[in-house]
Amino acid sequence: MAEGKLCNKKTVDKIEQLNELLSDKSGKQYYEEMNYLDVDDKALWATMQKTLKSRLKTWLEICSHCGLCAESCFYYLANDRDPKQVPSYKIQDTLGQLLKRKGKVDNEFMQYCMDTAFAKCTCCTRCGVYCPFGIDTGIMFSYLRGLLFSQGFTPWEMKIGSGMHRIFRAQMDVTTEDWTETCEWMAEEYEDDWPGLKIPIDVQDADILYTVNAREPKHYPEDLAEAAILFHIAGENWTVPSEGWEETSLAMFAGDWAACKMQVESVYDAMKRLNPKRMVVTECGHAYRATVIEGPYWAGLKTGQTPIPSFHYVEWVAEALRTGKLKIDPAKKIKEPVTYQDSCNYIRNAGLKDVAREIMSYIAEDFREMSPCKEHNFCCGGGGGLNGIGRYRPQRNVGLKVKRDQILQTGAKLVIAPCHNCWDAIRDLEEVYDIGIRWSFLKPLLISMVEVPEHLQPKDE
Amino acid sequence: MYQFVTGPLAWFAFAVFFIGIIVRTVWYIRGLNWQMDRVAYRPHMRYGIRGAVRSIGYWLMPYGTHSWRNNPFFTLLVFLLHIGLLLTPLFLLGHNVLLQERWGFSLPTISESAADLLTILVIVSAVFLVLRRIALTEVRIITDVKDYLMIAVAVAPFVTGLIAHYQIGNYQFWLILHILCGELFLIAIPLTKLSHFILFFMSRAQLGMDYGIKRGGMKGKGLAW
């Protein structure tokens with residue numbers, strides 16, 4: 001079996017392997033090696049026989065080829081209605097063929113599957129909502145990604161990402177020390193402005209266990225400070241875990257199911273160790289999807305639920321506004337037209353549409369819905385890990401057109417995007433298409449609008 | 001010949017049809033797996049059933065979903081076709097006379113003109129659906145021979161039935177051909193894509209349970225299909 005040094009069927013479990021991959025700039029050698037990677041068709045077929053059951057088999061079999069899924073797919077629309085972007089076509093030509101040929105396929109076909117599964121589908125699952133038979137192509141592509149990963153056919157960044165989860169239990173190389181030091185640093189940094197501000201680590205029996213996206217401690221530590229400030233103003237009894245603080249899952253995008261399990265179990269362990277009443281996840285869509293919606297199944301929890309009740313940040317914000325823990329200064333509400341980016345991962349795939357609207361009713365005077373919106377909204381264009389894959393940057397940028405046009409249609413210049421990937425995609429679409437918009441998470445906006453109780457205000461010296 | 005096709009062959013066709021759809025249903029349900037599908041079916045059965053009922057209900061309603069409303073002409077064709085396919089053979093006077101004669105029971109019947117209208121609507125809808133397949137690039141690219149065959153198998157009993165009913169040409173010939181086509185249709189249902197006769201409900205229920213249990217159904221009002 002021909003296996004590359006970097007591109008192979010092995011998982012990345014050691015830091016040396018990870019460093020080798022990282023030193024291969026843009027995955028040049030990695031993709032070169034991929035051209036010679038053998039397909040273990042026996043193992044592939046054996047996996048398919050074990051895992052491709054009723055649901056997927058029926059979806060592939062009964063598809064009536066009616067084409068209603070075409071217009072549901074933002075890739076189809078963004079690529080001038082290219083018939084090769086019809087979801088049914090994309091899946092029949094990849095997973096469908098794999099099944100027909102009983103796994104007996106060659107290297108070229110596997111690379112075609114990889115390119116399709118990553119650069120023509122973000123697993124947004126919108127097509128499933130438009131199919132009369134309820135055929136969810138997004139789920140099938142996610143499944144296909146898993147098969148591809150097991151054979152070593154995964155984008156370079158996904159191999160690295162899943163390795164990060166395996167080694168650091170985070171999508172980036174953030175160690176426990178890095179994390180706790182960042183928490184302490186941020187608390188100190190903002191203490192002057194917010195007397196008494198703390199980021200409590202590993203406090204037992206807190207009301208809220210707060211967990212994040214590794215990008216926050218790594219690249220945007222102020223986001224952590226903002227979360228602390230809002231909890232502080234709201235008077236919450238909260239904590240962060242020193243371990244099990246990372247909610248994201250590049251492993252989910254990669255289809256590395258074993259790594260998915262390791263990652264979510266680190267969070268569930270923190271829940272058990274610290275015994276908080278509930279967990280709140282930062283403003284990230286796929287993090288919530290991975291740890292709260294899908295995670296229990298990876299971890300084998302039969303109830304399908306996390307060990308303690310878990311909430312997305314928007315749920316906490318809506319509750320805090322509703323109960324008056326956070327009060328918005330009416331004079332500071334957003335006056336300009338503003339729109340909201342519904343993240344596929346916590347709106348369509350977790351039902352939080354109304355919560356998002358509730359927040360907007362408190363903070364915006366001229367809220368404008370995108371069309372379509374809520375569970376029918378289009379993917380930002382950066383979902384499914386696509387933001388982070390260099391090989392597919394051109395395809396990603398074409399896909400952004402649909403979101404660009406949706407935003408332009410609202411007339412709003414400010415887009416609220418409480419999801420890291422949406423936030424990135426919208427930032428990038430501004431960079432590529434220059435339409436003159438701004439974008440923001442909720443936290444900085446809330447801090448600029450919220451009424452601060454007297455005892456929490458900085459004392460004049 | 002008539003005795004054979006309405007006797008043993010009819011028994012065979014009905015047996016394949018009924019046993020076939022039962023087997024397909026059982027297979028489908030047995031092949032579900034809470035961990036692989038990532039849906040906790042059992043612990044949240046109430047939410048699951050609610051999701052399944054919504055998922056099936058909205059899609060059985062003409063123009064009940066966003067997708068149906070976005071494609072008004074297609075939706076019209078699909079509903080006319082399926083209503084005709086289901087109602088005509090069940091409530092046709094001739095079929096029920098035969099049913100009474102052979103098995104000693106019958107169903108309520110519809111008038112002959114209603115049956116004619118339904119039959120013609122089935123044929124016209126099928127023709128337009130075929131034309132749509134050829135005309136639209138996004139449908140053409142996913143269409144294969146089987147898709148045309150399925151339509152042919154489903155519509156053949158209606159075409160032959162109409163010809164036989166109006167006694168155009170040799171009545172015996174068309175009648176027997178009509179019966180054979182009907183039996184072929186029955187046999188094809190569990191064995192081909194036409195299994196969506198039952199698997200539509202299974203698949204819709206499954207996705208409905210997925211949304212009803214896991215993807216937000218326990219937190220919100222449920223997905224607006």
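Because the structure is predicted, anything quoted here is derived from the model rather than measured. Order of the sequence lines fixes the chain letters, A, B, ..., with proteins taken first and strands second; residue numbering starts at 1 for each chain.
- Interface summary for chain A: among B/Met150, B/His196, B/Gln206, B/Arg38, the most heavy-atom pairs under 4.5 angstrom belong to B/Arg38.
- Proximity to chain A (any heavy atom under 4.5 Å) is restricted, for B/Asn70, to the side chain, taken from C-beta onward.
- Looking at B/Met218, the atoms closer than 4.5 Å to chain A (heavy atoms on both sides) all sit in the side chain, from C-beta outward.
- With a 4.5 angstrom heavy-atom cutoff, A/Arg348 touches chain B via backbone and side-chain atoms both.
- Atom CZ of B/Arg69 is surrounded by more than 12 heavy atoms from other residues, nucleotides or ligands within 6.0 Å.
- Between chain A and the options B/Pro43, B/Ser55, B/Ser67, the largest number of non-hydrogen pairs under 4.5 Å is found for B/Ser67.
- Separating the CD1 atom in B/Ile179 from the CH2 atom in B/Trp174 is a distance of 13.5 Å, to the nearest 0.5 Å.
- B/Phe18 and B/Phe14 have parallel rings, their planes meeting at less than 30° on a 0 to 90° scale where 60° marks the start of perpendicular.
- Only the side chain of A/Ile139 has a heavy atom closer than 4.5 Å to any heavy atom of chain B.
- Between the B/Thr119 side chain and the B/Ala115 main chain, a donor and an acceptor come within less than 3.5 Å of each other.
- Contact record, B/Asn96 with B/Leu107: OD1-N, 2.7 Å, taken as the closest heavy-atom pair.
- Using a 4.5 Å cut-off between heavy atoms, B/Phe201 does not touch chain A at all.
- Checked against the 6.0 Å centroid threshold, A/His376 and A/Tyr130 count as a close aromatic pair.
- Note: A/Tyr346 and A/His312 have parallel aromatic rings, judged against thresholds of 30 and 60 degrees for the angle between ring planes.
- Contacts of A/Trp59 with chain B are made by side-chain atoms alone, with heavy-atom separations under 4.5 Å and no backbone atom involved.
- With a threshold of 4.5 angstrom between heavy atoms, A/Lys90 does not approach chain B through any atom at all.
- With a 4.5 Å cut-off on non-hydrogen atoms, A/Leu352 touches chain B through its side chain but not through its backbone.
- For A/Ser64, the parts lying near chain B are the backbone and the side chain together; criterion is any non-hydrogen pair under 4.5 Å.
- Taking the centre and axis of the six-membered ring of A/Phe311, the NZ or CZ atom of A/Arg278 falls inside the cone set by 45° and 6.0 Å.
- In this structure, A/Arg81 forms no cation-pi arrangement with A/Tyr76, as its terminal cationic atom is not both closer than 6.0 Å to the ring centre and no more than 45° off the ring axis.
- No more than 12 heavy atoms of other residues, nucleotides or ligands lie within 6.0 Å of CZ in B/Phe128, so this atom counts as exposed by the packing criterion.
- Using a 4.5 Å cut-off between heavy atoms, A/Gln85 does not touch chain B at all.
- Within the 4.5 angstrom heavy-atom criterion, only side-chain atoms of A/Thr58, from C-beta onward, approach chain B.
- Among A/Glu294, A/Glu61, A/Arg55, A/Lys53, the residue making the largest number of heavy-atom pairs under 4.5 Å with chain B is A/Arg55.
- For the pair B/Arg204 and B/Trp225, the cation-pi criterion (under 6.0 Å, within 45° of the ring axis) is fulfilled.
- For A/Val129, the parts lying near chain B are the backbone and the side chain together; criterion is any non-hydrogen pair under 4.5 Å.
- Looking at B/Thr192, only its backbone comes within 4.5 Å of chain A, counting heavy atoms on both sides.
- Interface remark: B/Trp59 contributes side-chain atoms only to the contact with chain A (heavy atom separation under 4.5 Å).
- The number of heavy atoms from other shown groups lying within 6.0 Å of CH2 (A/Trp45) is above 12.
- Across A/Lys353, A/Glu369, A/Gln406, A/Arg126, a single residue satisfies side-chain hydrogen bond (donor to acceptor under 3.5 Å, both in side chains) together with A/Asn377, and that is A/Gln406.
- Interface remark: A/Asp354 contributes side-chain atoms only to the contact with chain B (heavy atom separation under 4.5 Å).
- Counting only heavy atoms from C-beta outward, the side chains of B/Phe158 and B/Pro89 approach each other to under 4.5 Å.
- The choice from A/Cys66, A/Gly67, A/Pro132, A/Pro296 that makes the most heavy-atom pairs within less than 4.5 Å of chain B is A/Pro132.
- You'll find the side chain of A/Tyr75 reaches within 4.5 Å of the side chain of A/Thr122, heavy atoms only.
- Summarising the geometry, atom CZ belonging to A/Phe74 is positioned 9.5 Å from atom CG belonging to A/Asn79; distances are rounded to the nearest 0.5 Å.
- Interface remark: B/Tyr211 contributes side-chain atoms only to the contact with chain A (heavy atom separation under 4.5 Å).
- With ring centers used as reference points, B/Tyr58 lies 6.0 Å or more from B/Trp68.
- Between B/Tyr63 and B/Thr75 there is a side-chain heavy-atom pair separated by less than 4.5 Å.
- If you measure heavy-atom distances from B/Asp37 to chain A, the contacts under 4.5 Å come from both the backbone and the side chain.
- Heavy-atom neighbours of chain A within the stretch residues 131-142 of chain B, taken at a separation under 4.5 angstrom, comprise B/Arg132, B/Arg133, B/Thr137, B/Glu138, B/Val139, B/Ile141, B/Ile142.
- Chain A forms more heavy-atom pairs under 4.5 Å with one residue of B/Lys221, B/His66, B/Arg215, B/Arg24 than with any other, namely B/Arg215.
- With contacts defined as side-chain heavy-atom distances shorter than 4.5 Å, the pair B/Ser195/B/Pro190 does not qualify.
- Using a 4.5 Å cut-off between heavy atoms, A/Cys69 makes no contact with chain B at all.
- Of the listed residues A/Pro83, A/Gly304, A/Ser72, the one with more heavy-atom pairs under 4.5 angstrom with chain B than any other is A/Pro83.
- B/Leu162 places a side-chain heavy atom less than 4.5 Å from the side chain of B/Asp116.
- With a threshold of 4.5 angstrom between heavy atoms, A/Lys57 does not approach chain B through any atom at all.
- Across A/Gly300, A/Gly351, A/Ser54, the residue that shares the most heavy-atom pairs under 4.5 angstrom with chain B is A/Ser54.
- Between chain B and the options A/Asp82, A/Ile135, A/Leu301, the largest number of non-hydrogen pairs under 4.5 Å is found for A/Leu301.
- By number of non-hydrogen pairs under 4.5 angstrom with chain B, the leading residue of A/Leu56, A/Val355, A/Asp93, A/Thr125 is A/Thr125.
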